[in-house]
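Since the structure comes first, as structure tokens, the remarks are kept for the end.
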Amino acid sequence: MGFGWELFGGRRGFFIVGDKQVSYKEFFVKRICLFCMLLLLLHVSFAQNDSSRLRISLLTCAPGEEMYSMFGHTALRITDSATLSDLVYNYGTFDFEDPAFYSKFVNGKLDYFLSVAEFPLFMYEYQATKRDVTEQELNLSGQEKSAIQKALAENLSGSNRFYKYDFLYDNCTSRVRDLLVKYAGMRVTRPVVAEGTSFRNLIHEYADRGNMGWTKLGMDLLMGTPADKKMNIQESMFLPDYLMKGVDNAPPLLIKKDNILQTGYAVPTGTTLWPLIFLGAFSALVLLLSFINNKSAISITGFFDFLLCFLTGLIGCVLLYTWFGTDHASFKYNYNLLWALPTNLFAALFIRRKPLWLKKYFLVAALVYGLVLISWYWLPQQLNTALVPVVLLLFLRFTKLAKA
């Protein structure tokens with residue numbers, strides 16, 4: 001069908017389109033509508049192309065043998081076929097060269113930050129340390145991909161890249177989890193852990209898996225009742241493996257899952273009972289010596305009494321500091337202070353002089369230790385089982401010292 005600029009019937013205001021007369025108004029309205037439809041189709045086509053050029057996936061890295069790697073790691077991978085870029089965004093970066101690194105770490109003021117690296121460079125570390133990596137490609141719209149990419153770009157700019165690390169609530173995994181919830185609409189309705197599981201339960205699971213008995217004891221000493229909170233579904237995804245399970249349980253979000261690095265390496269088997277064995281043997285030795293009535297045994301037992309008072313008092317002072325003097329939220333409300341009495345440090349200074357008031361102190365402390373042992377499994381905080389022999393030893397020795 002053609003159209004011409006001929007006048008129809010000698011009257012102005014009409015076109016000849018084929019063998020029909022069409023008014024100017026009708027002609028231009030149709031052409032404008034057609035033009036708008038073409039623009040809309042081009043926009044949709046561009047959006048589809050923009051969506052297809054980006055690929056976003058969740059990377060879950062297996063735990064390692066070192067303490068810093070015992071929980072594994074989480075990162076986001078973004079591949080752009082238009083720019084041929086393949087980048088990994090990592091919220092678990094910190095500056096180990098910072099002169100104040102240790103003081104900031106102890107005080108809970110260490111800044112973690114978002115970093116970006118080429119995918120091969122990121123993978124090199126895990127190949128070298130023989131840690132498997134699993135990739136989950138995410139089913140996202142073009143708008144969701146752009147929103148995530150924009151959020152990451154904003155997080156990389158200036159001071160936005162830094163954040164105060166909190167092991168339970170704001171870490172490298174929870175940051176990625178929150179991005180997926182906010183920008184990808186991730187909704188996990190099925191639990192990824194058993195009902196009633198606490199943060200401490202999951203920490204124990206990783207420590208047991210890595211045969212890190214002493215690390216488990218140390219973390220149990222430092223972490224107070226916040227670690228014993230029963231987790232909801234979202235909170236349970238604060239560790240890499242459980243965020244991966246969460247994505248598995250959100251089928252619309254998952255396109256496919258691949259083990260992109262399989263090293264075949266398995267953590268050596270062992271036991272986490274060494275703290276219990278060691279502390280149990282130490283306590284049994286001190287108790288055995290206390291029944292031997294000769295000068296040498298009494299002298300050695302006296303030294304151990306001083307050592308018990310000094311060490312438990314020192315631990316108590318450290319726990320008080322981590323509770324009130326640092327920003328570590330999980331270190332607050334620590335029931336380990338019921339056996340690691342800070343006042344024991346003061347008592348250790350007078351244990352050789354044996355003033356009269358010290359006997360009363362040992363009697364009160366012994367009563368406290370007895371109550372702790374009776375209520376061990378009913379306390380709001382789960383105390384490490386390896387400490388039972390130590391608390392029992394404190395109870396028996398303080399009872400004897402109160403009578404001496």
Side-chain angles (χ1 to χ4, degrees), residues 55-64 68-79 87-93 112-117 119 122-123 125-126 131-140 144-145 147-149 151-152 155 163 165-207 209-210 227 229-262 330:
R55 176 178 176 272
I56 299 181
S57 57
L58 178 71
L59 299 180
T60 303
C61 310
Y68 73 88
S69 63
M70 68 179 287
F71 297 104
H73 189 50
T74 295
L76 275 178
R77 178 186 183 187
I78 300 183
T79 307
L87 303 175
V88 176
Y89 294 82
N90 171 19
Y91 278 100
T93 319
Y112 276 60
F113 58 90
L114 174 65
S115 63
V116 61
F119 176 70
F122 176 83
M123 291 295 291
E125 176 187 350
Y126 295 94
R131 295 165 61 188
D132 294 354
V133 179
T134 301
E135 182 176 30
Q136 292 167 294
E137 185 178 350
L138 304 178
N139 183 23
L140 305 172
E144 289 169 338
K145 292 176 183 179
I148 291 175
Q149 193 176 44
L152 290 169
N155 282 174
Y163 70 98
Y165 182 88
D166 183 286
F167 178 63
L168 301 184
Y169 294 105
D170 197 0
N171 60 38
C172 60
T173 298
S174 66
R175 286 254 157 175
V176 174
R177 175 201 65 196
D178 294 345
L179 274 177
L180 296 182
V181 169
K182 184 174 182 179
Y183 299 108
M186 182 176 75
R187 295 291 180 269
V188 181
T189 56
R190 288 189 298 158
V192 296
V193 297
E195 186 178 354
T197 301
S198 68
F199 289 102
R200 195 184 302 273
N201 293 149
L202 289 192
I203 292 167
H204 283 181
E205 178 187 313
Y206 278 78
R209 187 194 308 174
K229 179 181 181 291
K230 308 306 178 186
M231 300 177 293
N232 59 36
I233 292 177
Q234 184 156 325
E235 288 171 339
S236 66
M237 295 184 288
F238 81 107
L239 292 176
D241 287 340
Y242 291 94
L243 178 57
M244 180 172 65
K245 290 180 181 180
V247 173
D248 284 341
N249 288 350
L253 187 62
L254 180 64
I255 294 179
K256 63 178 180 177
K257 181 178 181 180
D258 293 315
N259 295 321
I260 58 174
L261 178 60
Q262 290 181 292
S330 59

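Because the structure is a prediction, the values reported are computed rather than measured. Heavy-atom basis, side chains included; hydrogens, waters and symmetry copies ignored.
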To the nearest 0.5 Å, how far apart are [atom1] in [X] and [atom2] in [Y]?
| X | Y | atom1 | atom2 | result |
| --- | --- | --- | --- | --- |
| Gln149 | Tyr89 | CD | OH | 6.0 Å |
| Glu137 | Ile56 | CD | CD1 | 10.0 Å |
| Thr134 | Asp258 | OG1 | CG | 9.0 Å |
| Leu261 | Tyr126 | CG | OH | 10.5 Å |
| Glu135 | Lys256 | CD | NZ | 7.5 Å |
| Thr60 | Asn259 | OG1 | CG | 10.0 Å |

What pairs of donor and acceptor atoms, side-chain ones from residues 176-189 against any protein atom, are under 3.5 angstrom apart with sequence neighbours left out?
from   : atom 1 : to     : atom 2 : distance (Å)
Arg177 : NH1    : Gln234 : O      : 2.9

Which donor-acceptor pairs under 3.5 Å do side chains of residues 237-255 form with protein atoms, sequence neighbours excluded?
from   : atom 1 : to     : atom 2 : distance (Å)
Asp241 : OD2    : Tyr206 : OH     : 3.2
Asp241 : OD2    : Arg209 : NH1    : 3.1
Tyr242 : OH     : Glu205 : OE1    : 2.7
Tyr242 : OH     : Glu205 : OE2    : 2.7
Asp248 : OD1    : Gln136 : NE2    : 2.8
Asp248 : OD2    : Lys257 : NZ     : 2.7
Asn249 : OD1    : Arg190 : NH2    : 3.1

(message) Please identify which of these residues, Thr79, Ile78, Ile260, meets the side chain to side chain contact (heavy atoms under 4.5 Å, CB included) condition with Phe119.
(response)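 With Phe119 as partner, Thr79, Ile78, Ile260 yield a single side chain to side chain contact (heavy atoms under 4.5 Å, CB included), made by Ile260.
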
Would you mind reporting whether [Y] and [X] have side-chain heavy atoms less than 4.5 Å apart?
| X | Y | value |
| --- | --- | --- |
| Cys61 | Phe122 | yes |
| Lys230 | Glu195 | no |
| His73 | Asn90 | yes |
| Phe167 | Ile203 | yes |

Minimum heavy-atom distance [X]-[Y], with the two atoms named:
| X | Y | value |
| --- | --- | --- |
| Met231 | Ser236 | SD-CA, 3.7 Å |
| Arg131 | Gly72 | NH2-CA, 3.8 Å |
| Phe113 | Tyr163 | N-CE2, 4.1 Å |

(request) Check the angle between the aromatic planes of Tyr169 and Phe199 and answer parallel, tilted or perpendicular using the 30° and 60° thresholds. (result)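 Because their plane-to-plane angle is over 60°, the rings of Tyr169 and Phe199 count as perpendicular.
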
(message) Hydrogens and angles aside, do Asn155 and Tyr91 bring a side-chain donor and acceptor to less than 3.5 Å of each other?
(response)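 Note: Asn155 and Tyr91 side chains meet the donor-acceptor criterion.
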
(request) For Lys229, enumerate each residue passing the side-chain hydrogen bond (donor to acceptor under 3.5 Å, both in side chains) test, keeping only those at least two apart in sequence or located in another chain. (result)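 Result, side-chain hydrogen bond (donor to acceptor under 3.5 Å, both in side chains) vs Lys229: Glu235.
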
